[in-house]
Amino acid sequence: MRSTCVLIMLAACCVASAQVGGTWSDLGVTRPAIDPTPIGDGHLGELPSGTFVHIRFPVPADDLLAYSINLSNIVAYTGKGASYRLIVRRDAEDGPVIHEGPIIDNGDVWNASNRDPIDVSEIVTADDRARGWLDIFATGIVDGDDWTLYRSNPGRRELNATFVTATPEILAAIRATEAMRDRGIAVIPMPQTILLDDGDLQLPPRPRIGILGDVPQDDRFAARDLAEQLADRAGLKPSIGADAPDIVLEMVSSGRLHLEAKRLGLDIERLAGAYLLEVTDGVHAWAADGDGLFYAAQTIAQLTTVAGALPHCRMADWPAYPIRGLQYDVARAQTVEVDWWKRVIRDLARCKLNMLVVYGENDYRFERYPFLGREGTFTPEKARLLSEHAHQYRMQLVPQFESLGHAGAVLRADELANLREAGGAWVFCTSEPEVWEFLDNVFAELSEQFPYAEYFHVGGDEFEMGFGKCERCAARPVGELYAEHMNRLNALCKKYGRTMLFWPSHRGPTEELSYMSIKYIDMLEKDCIPTEWIYHGPSTYPQIEQYQDLGFQDCWVSAAVVCFSRIWPDYRTTWRGIRGFHRAGNERGVEGCMTTTWEWRNGGIVANSIPGMVYAAECAWSLGATPVTDYLRRYAALWHGDTRPDAGEELDAAIIEPWPREGPAAICHDARGMAEAFRLSPRRCRLQYAIKDARFTDAAPDIAAASEAALQPTCSTTWGPPSAPMLSSDTSSRRSKPPPPTGRPQAMPCPMTRVPLPQRSRTSPPG
């Protein structure tokens, strides 16, 4: 008899937390500031020290669990002052002070510090909720400079408030998330609905996996992959057979799936890729298609502890998005090492992503053009091999070939000089017939190299500055020229049986050359898909509805792991941007999502981006249904083998944000300076940082102390080899399992990095 049952319904509620304050705000509703806040483009000009600006934020009528405001539009005017400080009052210029920022001696650092949300939960009153807004007055106290405020531009650069209300659904989800944490359950992505029951199922040393129903041969791979994971995680020796199975994977009709869900007291909202799971005296999973069967197997594997036990539970699960993609930037300093790529594909697929888009420039080899193809990246053989590997993991590998702008890596070849627009290597010339012969040949070979790709991505962004300049192109209206180019690309994709994905045009050098996908929509074909790219995490995404109303087949959402030439990605923006864009797209019925990665160079490494890449899988499936703190707890368990309840906090301190927010070492949050240092020659680096900009030199002792505090294990005997290196994209060897921690629950080995999580002492120096 079940004595305890905890219901977790994350499809209906997307906020859960066990703590007050920032964690609650982490998944709150975000709304832009309202009139009389300065709204529009540009900034207010030079504002003297002590000048107040009136900003009004919306406040909901419901009881609040958390409320924070964003004042990131407040910046130093020149950045060359001696000191800066942010002061915030409520109700009037002489009203109560609700926030006093630290005194900062650098304008860039002050600008960065103002991007941190300000938690004002304690000062929001019943009168504010009844009135519907909160008035605040903000100023910069500045010495040797002025300051300014960029007007709030909703959906782009905005001032906003984030709040969480105390609804019964939210409170229930909070309790449910706590229950999963207390039981040590770590599944990525978070399932949509779980019923947790008391007790655990202990699998035998040699469990049998049974496959029931009309399961095609290709779909039986799910059982083989599950057997491999159970052997790797728990040292079990599974076999596959229908006789007396301990684990059953059963293919059923959609009607039967709904009947089983009703029997379990559950419901299913989307059938494609859905599955049911019950763990009692055995494990039984049901699905109506091969995708669902594969994803059920992944959840079973993740639920299994190193001791071979699973919690008693019932589960109904399905994806929020049918197409769940990630773009991997191979064009900037990366190589295609086959074993590494196999692992990336395998482990992202096990987190239920089903599309990997390869961003390539001169990164494909072609028989017709043997002079193309950067050394170490894709060859036809690699592409076909990895496409086959991805296919068995229910994932399609999709090529992206820059077919308008960003073409310099290809067009620099002397053999292709006649394809350049006005002699410049950045853009293809639309009016040159040989361009279309070249692109036709390229698409033909890519269709053979990537046989399971249902899509081609043709690029289409950041071309405007070099477009329409040659004599033939300049003689035609620019909108007609753009539409012709995109429509001909669309025709090529259809010729090879693919749907065209493209980056829509954003702001260009002139009004005529800006937002061309929207401006010239009447001339564009609509049976293609814009992948709208918005990375900064605004509160609203009106562009989705805009492209849908224009008649395109769909409009996929493309957030980013903000890793652009950064050693440590900007995870605050990453979490907000991926979660917010995925939710907005889901609300509008978008069918696809494609989170991007860019520029692992100038110090940036793939390994530090993996938490964001996996978070893309989390949000593509369940829309980021729990706070980031809970996601990091689950990630630490599955990727680093650390099942402690506070492992996510250690992960955050050591890898996600290792630098302090205040003091000299906070300069490391400004990734631009660090990336610039990697670009410079040693002589230029000494000149710039020792003479022109000595901040990094001056901060060196604090940076060293912060680094030591972030990376120093508390005890080398309690958590694996302390010096184990992170994997890079060129590393192919599988790492041995770290020894289990002494005095802690035994942890599952992590699937990709297999690296112990460094720990930071609570009494260490800031960092």
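- Aromatic pair Phe450/Tyr496: centroids not less than 6.0 angstrom apart.
- For the atom pair CD (Gln327) and CG (Leu501), the distance works out to 10.5 Å, reported to the nearest 0.5 Å.
- For the residue pair Glu381 and Gln449, no side-chain donor N or O sits within less than 3.5 Å of a side-chain acceptor on the partner.
- With contacts defined as side-chain heavy-atom distances shorter than 4.5 Å, the pair Leu489/Leu439 qualifies.
- Taking the six-membered ring wherever Trp is involved, the centroid distance between the rings of Tyr393 and Phe221 falls below 6.0 Å.
- In this model, a donor atom of one side chain and an acceptor atom of the other lie less than 3.5 Å apart for Asp225 and Gln229.
- Classification of Glu618 and Lys352 as a salt-bridged pair fails, no side-chain N sitting under 4.0 Å from a carboxylate O.
- Ion pairing between Asp339 and Arg343 fails under the 4.0 Å rule for side-chain N and carboxylate O.
- At most 12 heavy atoms of other shown residues, nucleotides or ligands fall within 6.0 angstrom of atom CZ in Arg507.
- If you look at Phe428 and His485, their ring centroids are not closer than 6.0 Å.
- Looking at Arg394 and Asp219, a side-chain N of the basic residue comes within less than 4.0 Å of a carboxylate O on the acidic one, giving a salt bridge.
- Side-chain contact check for Phe463 versus Glu421: every heavy-atom pair is 4.5 Å or farther apart.
- Proximity of Val357 to Tyr328: side-chain heavy atoms (C-beta onward) are nowhere separated by under 4.5 Å.
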Go through the steps for Tyr455 and Trp556 under the test ring-ring contact (aromatic ring centres under 6.0 Å, His included), then give the verdict.
-> CA-CA 13 Å; Tyr455 306 90; Trp556 288 8; 5.0 Å; yes

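- The distance between the ring centers of Phe443 and Phe456 falls below 6.0 angstrom.
- Using a 3.5 Å distance cut-off with no hydrogens or angles, the side chains of Ser622 and Gln192 do not pair a donor with an acceptor.
- Ion pairing between Arg324 and Glu591 fails under the 4.0 Å rule for side-chain N and carboxylate O.
- A salt bridge does not link Lys519 with Glu464: every distance from a Lys NZ or Arg NE/NH1/NH2 to an Asp or Glu carboxylate oxygen is 4.0 Å or more.
- Considering only heavy atoms from C-beta on, Leu356 comes within 4.5 Å of Ile345 through its side chain.
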